[in-house]
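Here the structure is laid out as structure tokens; the discussion comes afterwards.
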Amino acid sequence: MRSFFFALSLLAPALNAIAEIRHVTIWSDGTRMAGDLYLPEDYKEGEKRATVLFCAGTGGVKKGNGALYAKRFVKEGFVVLAFDYRGWGESDCKLTLPEPMPKADADGTVTVKARPVRWQMDMADQTLDIRCAISFLMGEPCVDPARIGLFGTSYGGGLVVWVAGNDPRVKCVVSQVPGMGGGRPPAALKYASDLAVKQARGETEPVPIETGRLGGKMAAYAQMRANPAKGIGYNPVEAASKITAPTMIIVAEKEELMSNEENGRRAFQALQKNFVKSEYHVLEGIGHYGVYKEKFEDATRLASDWFHLHLDSHLKTP
């Protein structure tokens, strides 16, 4: 069976190309998110296709890695949605008010001076953003709501595992070089808890705009801000124990940003313990960013085959 889908996916890129990109608006908790919906060349109006939702990693946007992977997966015949999390890329963001909010006008509106909250690594918000993107797809005429799969890379690889463990609408998952927060010492939780207290009491920035810069190997993402307080209770490794959808985890042999054993491997072990259809692949000879470069084709071939195997096997007529 696997060899059949492998042969099918080898032929698909030659047969399909992008027919259309539709720019869409997705609402997440009252904020507009920008999305690009990719349709295969052979899509016929009224048809309902299996769909892949791309979920970006740190600093990723729909016009960057989103477009790279969408153009790859749409050639396989999937509808693909790439979107920007709230406050990233082209999406609108939440606002923070330096002064107390005035009373609403007669029409229920207020006029305020506000500061935009952008480029936050906010697990609570971004897992909701993904779930809202799923909800958007469930209402799209071109999407088969019973065949929605998630593809997440890096930071997004952890997000999709958490979502799959908490949202039964997810039917297939590929988590690539996933950062799940595994292996962090107890001191990290204490720091997050202490920060949450200070934020709640106004003893530090309620939202890290001036603070929260990434350090170490992640300092290259100069625009990004981390808010550990928003990660309290967020544990993709634990969420993996609740996943029932087929899940593939792809890691880099020379991963330099985290421990594979404490992240992707632990999640895979949880899946295996619960007899979930799952695979764990180590791409040899590369570090974290090699999945986007020298091993891009190897990694996307694994992902495409997995989506074909577990989404095409539930084909439904229009």
Side-chain angles (χ1 to χ4, degrees), residues 26-33 55-60 84-89 91-105 108-133 135 152 154-163 165-167 178-216 218-219 221-239 242 258 262-263:
I26 305 158
W27 288 89
S28 181
D29 199 22
T31 301
R32 298 176 185 85
M33 298 192 300
C55 302
T58 305
D84 291 334
Y85 303 122
R86 282 175 288 170
W88 293 29
S91 289
D92 288 352
C93 64
K94 296 190 297 185
L95 303 173
T96 182
L97 308 184
E99 301 295 334
M101 182 182 295
K103 291 183 179 180
D105 296 336
T109 63
V110 295
T111 301
V112 298
K113 183 178 180 179
R115 189 170 187 182
V117 178
R118 295 191 60 78
W119 298 113
Q120 298 284 315
M121 295 178 69
D122 185 326
M123 296 81 164
D125 273 10
Q126 277 133 22
T127 50
L128 176 59
D129 292 347
I130 293 170
R131 298 181 77 174
C132 289
S135 296
S154 192
Y155 172 69
L159 295 175
V160 298
V161 168
W162 191 94
V163 171
N166 289 280
D167 196 320
M180 302 187 184
R184 290 181 179 173
L189 179 57
K190 183 179 185 307
Y191 174 79
S193 298
D194 291 345
L195 179 61
V197 171
K198 292 177 181 178
Q199 289 177 349
R201 295 178 58 81
E203 296 169 359
T204 187
E205 285 187 298
V207 177
I209 296 175
E210 300 300 333
T211 58
R213 290 177 174 83
L214 304 183
M218 300 295 287
Y221 298 98
Q223 84 279 25
M224 302 302 302
R225 298 293 183 267
N227 189 352
K230 295 298 291 286
I232 296 173
Y234 169 79
N235 192 324
V237 173
E238 289 184 358
K242 298 187 289 182
M258 70 202 84
E262 294 292 339
N263 288 269

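Just so it is clear, the values below take in all heavy atoms, side chains as well, and ignore hydrogens, waters and symmetry mates. Fair warning: this is a prediction, and the values are worked out from it, not measured in the lab.
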Is it the case that the side chain of [X] and the backbone of [Y] share a donor-acceptor pair, with hydrogens and angles ignored and the cut-off at 3.5 Å?
X    : Y    : result
D105 : V110 : no
Y85  : G60  : no
N263 : M258 : no
R118 : I209 : no
Q126 : Q120 : yes
D129 : R86  : yes

Check your understanding: Under a 4.5 Å cut-off applied to non-hydrogen side-chain atoms, are K94 and D125 in contact?
Key -> yes
Check whether any side-chain heavy atom of R32 lies under 4.5 Å from a side-chain heavy atom of S91, and answer yes or no.
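The answer is no; the side chains never approach within 4.5 Å.
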Next item on the list: Answer yes when R115 and E99 have at least one side-chain N-carboxylate O distance shorter than 4.0 Å, and no when they do not.
Entry: no
**Q.** Pair W162-I130, side chain to side chain contact (heavy atoms under 4.5 Å, CB included): steps then yes or no
**A.** CA-CA 10 Å; W162 191 94; I130 293 170; over 6 Å; no
Heavy-atom pair with the smallest gap, counting every atom of [X] and [Y]:
X    : Y    : result
L214 : M224 : CD1-CB, 3.9 Å
D29  : C132 : N-SG, 4.5 Å
P208 : G212 : CB-CA, 4.0 Å
L195 : A229 : CD2-N, 4.1 Å
P98  : A114 : CD-CA, 4.2 Å
V161 : P236 : CG1-O, 3.3 Å

Verdict with reasoning, M218 to T58, per side chain to side chain contact (heavy atoms under 4.5 Å, CB included)
CA-CA 9 Å; M218 300 295 287; T58 305; 3.7 Å; yes
Here the side-chain hydrogen bond (donor to acceptor under 3.5 Å, both in side chains) pairs for residues 187-203, sequence neighbours left out, are K190-D194, Q199-N227, R201-E203
- [ ] Please name all residues satisfying side-chain hydrogen bond (donor to acceptor under 3.5 Å, both in side chains) with R213, sequence neighbours left out, ordered by chain then number.
- [x]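 If we apply the side-chain hydrogen bond (donor to acceptor under 3.5 Å, both in side chains) test to R213, skipping adjacent residues, there are no hits.
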When rounded to the nearest 0.5 Å, the distance separating OG of S135 from CG of L128 is 9.0 Å
- Query: Would D122 and V117 count as a side chain to side chain contact (heavy atoms under 4.5 Å, CB included) if you check the C-alpha gap in whole Å, the side-chain angles of each, and the deciding distance to 0.1 Å?
  - Reply: CA-CA 11 Å; D122 185 326; V117 178; over 6 Å; no
Only counting residues at least two apart or in another chain, list the ones meeting ring-ring contact (aromatic ring centres under 6.0 Å, His included) with Y155.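 With sequence neighbours excluded, Y155 shows a ring-ring contact (aromatic ring centres under 6.0 Å, His included) to no residue whatsoever.
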Query raised in the report: Are a donor atom and an acceptor atom from the side chains of D92 and T31 found within less than 3.5 Å of each other?
Result: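 Note: D92 and T31 side chains miss the donor-acceptor criterion.
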message = Let's go through L189 and R184 carefully: what are the C-alpha distance in whole Å and the side-chain angles of both, what is the deciding distance for side chain to side chain contact (heavy atoms under 4.5 Å, CB included) to 0.1 Å, and is it a yes or a no?
response = CA-CA 8 Å; L189 179 57; R184 290 181 179 173; over 6 Å; no
